[in-house]
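The structure appears below as structure tokens.
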Amino acid sequence: MQIAQVIVDVPTRQTNSSYSYLIPNELSDQIKLGMRVVVPFGKRHITGFVVGIDNSTEFNGKLKEIISLIDLIPQLNSELLKLSDWLASETYSFKINCLQTMLPGSLHVKTKKVIKALSSEVVEKYPKIFNGNNEIEYNSDQLSTEDISIILDLQKQNKVSVNYELLQNAKPMMINVIKNKLSNEELKSKVNEIRKNAVSQLKLLDLLQSNPNQELIVSKVIKMGITMDAINNFVKKGWLDKYLVQKQRNPFASKAKKTTPFSLNKSQQNAVDHIVKSIENKSDTTFLLEGVTGSGKTEVYLQSIDFALKSGKTALLLVPEITLTPQIVERIRGRFGNEVALQHSSLSDGERFDEWQRINSGQAKVVVGVRSAIFAPLENVGLIIIDEEHDSSYKQGENPRYQTREVAKWRGKYNHCPVVLGSATPSLETRARAHKGLYKLLSLPTRINNQALPEVSIVDMKEEITTHSGGISSALQVAIRKRIDRNEQVILMLNRRGYSNFIMCRDCGFVPQCPNCDITLTTHKDTHTLNCHYCGHRESIPDKCSNCGSKRMRTFGMGSQKLEEEVKNLYPDARVLRMDVDTTRKKGMHEKIINQFGNHEADILVGTQMIAKGLDFPNVTLVGVLNADSALAFPDFRSSERTFELLTQVAGRSGRADKKGEVIIQTYNPDHYAIQLSKIQDYELFYKTEMRVRHLGNYPPYYYTIKLTASSKIETQTMQTMFSVFNFLKKRLSSKAIILGPTPKLITRVNNRYYYQIIIKYQNEPNLKDTLNQLLNGSQKKGKNDIQFSIDNDPIDFM
DNA sequence: ATGATTCATCCA
DNA sequence: GGATGAATCATA
């Protein structure tokens with residue numbers, strides 16, 4: 001008898017290893033590694049992943065049998081199963097969470113418990129429980145304790161049955177088809193059996209004769225004027241078969257126009273040559289492709305992918321969420337056609353499910369997608385590319401908190417293939433590794449067509465504030481006017497959504513705060529509410545101060561909504577579009593705004609940082625940054641890096657075609673190095689300067705970091721837990737490890753929970769993993785006290 | 001996670 | 001002493 005090792009869908013410390021199950025004979029031919037199964041677990045039926053199939057087991061107790069298979073083909077290959085182990089260990093997460101993270105969310109399957117009444121008597125006797133239904137879902141938090149005991153009683157008396165059903169989100173799309181069972185000669189002879197006035201049947205007979213041995217889609221047949229009755233009639237007579245087949249959804253509205261490779265300049269060619277050689281030699285080199293904005297990195301990607309495909313391999317191209325625009329997707333599809341599969345949050349569940357199946361079945365050879373696409377079930381990977389590798393969306397914010405770059409390197413090693421990290425402003429870690437020779441540096445120092453980088457000027461807002469009350473400096477106002485008169489386009493970035501930052505009472509200085517979080521509420525004028533951007537709390541804008549009763553409540557600061565209003569006032573002749581979280585919440589709006597602006601249906605695009613990256617509008621000759629300091633203001637070691645990166649990226653949106661671009665940066669810190677260096681757009685100098693700062697502060701890339709966070713509803717309890725964690729770490733780690741904290745988080749209270757953190761900075765701590773795992777094991781016991789504890793390896797920030 | 005079991009506490 | 005609810009345990 002064969003035995004399967006199953007990781008069950010119970011995300012806890014104690015169940016974080018595989019359980020052995022007998023494979024019943026009828027499943028032994030079908031069951032494969034990486035399939036999902038339903039197994040008995042205690043009294044319940046739950047789902048799990050098959051991660052091993054053996055002839056024996058370490059487990060000495062009595063084995064149970066697998067109940068059923070969920071999949072017909074494995075959803076995860078052996079590479080991904082192995083990767084999940086590494087991922088669990090690296091991110092201190094449960095294996096089941098890692099396995100599930102690798103599948104598109106729509107594939108997550110849960111079991112649900114269903115109580116079925118065996119007689120109508122029971123249903124009538126307990127209307128409160130059954131509510132007239134024969135079957136109800138058993139949900140212990142929705143049922144009262146008495147109801148639960150009644151149900152248990154009924155179960156003992158055999159008056160109800162308990163069943164488990166699979167709860168599945170995305171299913172393959174099935175359509176009805178019919179297929180001829182008879183030969184054409186036989187069909188001809190059947191004409192006599194049909195009444196002469198049965199028009200529909202005669203038509204169907206004709207249709208079948210002209211389409212021998214073909215599957216015909218029922219809905220289309222009906223559109224031709226043939227009735228369902230006619231079809232059913234033929235089925236009954238045994239003349240044709242009617243059955244369901246799977247149809248693949250197509251997320252692409254139209255066929256992409258075929259594009260041909262561009263010719264490369266010298267440095268692009270050099271980059272492609274290196275990458276190609278590495279694919280050929282099966283070397284797992286990591287490349288840093290450092291190219292200024294507009295230097296043609298995408299073409300390098302495409303030609304390298306092309307080589308991988310021609311060598312019979314597959315390729316992965318990852319892009320940040322916001323840069324996965326129709327623009328780039330079209331370009332890739334134009335080159336590789338139907339071999340491309342897309343994995344993106346803008347797809348519907350069904351579309352994503354089908355795209356995943358196309359990858360899993362080997363139909364798609366190139367996967368383009370966001371962070372989670374790094375887990376695409378490709379076989380024989382020949383190349384992995386991460387575009388804009390510095391982008392913060394490559395780090396997952398919840399468990400498993402993985403860094404996509406590191407997963408990419410793991411898959412590169414496993415597949416013996418190169419990994420290409422591309423950016424105009426690489427992360428310091430990546431650039432430093434290239435400097436040390438761990439990564440191979442490939443640079444693209446010039447823009448294609450040798451366009452000059454845009455001219456950047458800085459406006460000191462400290463001088464400005466006395467002359468202008470609005471957020472747009474006079475220099476920027478003049479520059480915008482010039483573009484409108486010339487019929488060119490302008491992008492204005494303001495890194496703050498909403499209308500204004502906050503409202504304050506002019507008389508007593510009172511500022512409305514969120515009742516659940518330690519944060520000021522933000523004004524939203526369209527909904528006339530004060531919103532909390534952390535917990536979602538909303539309240540209406542008060543007409544008088546709730547502290548002193550004064551009616552002099554005024555707005556302060558500026559958000560994207562207010563900027564849009566101001567721009568419209570200043571330039572009544574200009575057409576203005578706004579793009580931020582609020583205007584793009586609806587599906588497809590992001591694309592719509594981009595297309596409208598691209599078609600020059602608007603002159604000015606106002607937006608938050610989501611307009612900073614990847615967009616390519618040839619007619620944009622001016623970019624204005626309204627508050628360059630917003631990222632600098634965060635008390636975080638990466639704030640300079642983020643500021644420099646954001647300014648450089650947004651500046652790169654200007655002057656991408658033949659017209660020269662201009663960039664105006666407004667700031668209150670004109671002398672800060674991140675701002676000064678983005679003026680001259682010198683990444684290398686920024687890198688050197690910032691490395692000195694990091695060195696002095698013992699920050700990455702000189703030190704590795706780990707962030708520990710605890711939260712609970714009682715502040716003192718959170719604090720005490722963290723102090724004991726601190727003491728434990730102090731004892732176990734070497735004296736060289738730097739342990740910061742515990743400190744309250746920047747926003748200590750969110751949704752009425754108090755958050756405290758400890759940061760560990762270290763260079764070499766062989767004990768660390770073991771120590772942290774012990775902490776996790778210990779934290780489980782305290783879990784009942786409502787303390788949540790989490791570990792973030794290589795956090796994106798210290799906030 | 002959740003159903004089963006043990007433990008602790010309260011009141012008769 | 002027995003009922004009740006909370007903490008703890010096991011799940012193959």
Side-chain angles (χ1 to χ4, degrees), chain A residues 1-25 27-28 31 33 35-70 81 88 93-101 105 108-115 129 136-157 160-168 398-400 712-714 717 721 776-790:
Chain A
M1 196 69 146
Q2 289 215 300
I3 290 162
Q5 300 298 323
V6 176
I7 300 285
V8 293
D9 183 8
V10 182
T12 63
R13 271 294 117 193
Q14 314 124 57
T15 51
N16 196 27
S17 50
S18 65
Y19 284 72
S20 305
Y21 286 90
L22 292 171
I23 301 172
N25 279 331
L27 297 181
S28 63
I31 196 165
L33 286 180
M35 279 184 177
R36 293 166 305 157
V37 290
V38 178
V39 292
F41 198 69
K43 289 246 157 154
R44 300 180 290 158
H45 293 180
I46 57 169
T47 63
F49 286 81
V50 178
V51 296
I53 296 176
D54 310 290
N55 291 317
S56 61
T57 173
E58 314 256 277
F59 180 66
N60 287 323
K62 195 167 181 300
L63 294 177
K64 290 185 181 172
E65 280 192 355
I66 288 176
I67 293 167
S68 62
L69 302 180
I70 296 172
L81 287 179
S93 312
F94 304 129
K95 285 179 182 167
I96 187 66
N97 286 143
C98 293
L99 290 164
Q100 276 169 343
T101 299
H108 290 183
V109 177
K110 291 253 171 237
T111 51
K112 108 181 150 169
K113 193 171 170 180
V114 176
I115 308 292
I129 296 174
I136 56 154
E137 188 180 342
Y138 182 90
N139 196 328
S140 54
D141 3 294
Q142 275 170 35
L143 292 163
S144 67
T145 24
E146 336 160 30
D147 290 348
I148 287 173
S149 58
I150 292 172
I151 291 171
L152 287 174
D153 260 11
L154 291 170
Q155 202 187 333
K156 269 181 209 144
Q157 297 166 41
V160 298
S161 69
V162 178
N163 299 298
Y164 288 85
E165 279 175 18
L166 280 185
L167 211 61
Q168 231 159 340
E398 57 210 57
N399 268 324
S712 82
K713 289 197 166 159
I714 304 156
Q717 184 182 283
T721 308
L776 280 177
N777 288 336
S779 78
Q780 188 74 17
K781 277 179 205 132
K782 288 173 199 149
K784 272 285 173 281
N785 280 335
D786 189 36
I787 287 210
Q788 281 169 18
F789 187 70
S790 74

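Convention: sequence-line order gives letters A, B, ...; per-chain numbering from 1. Only this structure's heavy atoms are used, side chains among them; waters, hydrogens and symmetry mates stay out.
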Report yes or no: does [X] contribute a side-chain atom to a donor-acceptor pair with the main-chain N or O of [Y] at less than 3.5 Å?
| X | Y | value |
| --- | --- | --- |
| A/Thr15 | A/Val10 | yes |
| A/Tyr21 | A/Ile67 | no |
| A/His108 | A/Gln100 | yes |

Exercise. Has A/Lys43 got a side-chain N or O lying under 4.0 Å from the OP1 or OP2 atom of B/dT2?
Worked result: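 Answer no for this pair, as no side-chain N or O of A/Lys43 is under 4.0 Å from OP1 or OP2.
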
For atom [atom1] of [X] and atom [atom2] of [N], their distance in whole Å:
| X | N | atom1 | atom2 | answer |
| --- | --- | --- | --- | --- |
| A/Lys62 | C/dA10 | NZ | C1' | 17 Å |
| A/His45 | B/dT2 | NE2 | C1' | 14 Å |
| A/Tyr19 | C/dT11 | OH | C1' | 5 Å |
| A/Lys64 | B/dG3 | NZ | C1' | 11 Å |

For this session: Please work out if A/Phe59 contacts a base, only the sugar-phosphate, or nothing of the nucleic acid, heavy-atom cut-off 4.0 Å.
Result: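 The residue A/Phe59 makes base contact.
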
For this session: Would you mind classifying the nucleic acid contact of A/Lys113 as base, sugar-phosphate or nothing, using non-hydrogen atoms under 4.0 angstrom?
Result: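 Sugar-phosphate, no base atom in range.
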
For this session: List in chain and number order the residues that pass side chain to side chain donor-acceptor pair (under 3.5 Å) with A/Ser790, two or more places apart in sequence or in another chain; answer none if no residue qualifies.
Result: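 With neighbours one apart ignored, the set is empty.
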
Exercise. Side chains of A/Thr111 and A/Glu165: donor-acceptor distance under 3.5 Å anywhere?
Worked result: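 Side chains of A/Thr111 and A/Glu165: no pair found under 3.5 Å.
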
For this session: Sequence neighbours left out, what passes salt bridge (charged side-chain N to carboxylate O under 4.0 Å, His left out) with A/Lys113? Give chain and number order.
Result: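 Once residues adjacent in sequence are excluded, A/Lys113 has no partner under the salt bridge (charged side-chain N to carboxylate O under 4.0 Å, His left out) criterion.
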
For this session: Could you give me the stems involving DNA chain C, meaning stretches of three or more consecutive Watson-Crick or G-U wobble pairs whose two defining distances are both below 3.5 Å?
Result: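 In DNA chain C, stems of three or more pairs: B:1-11 with C:1-11.
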
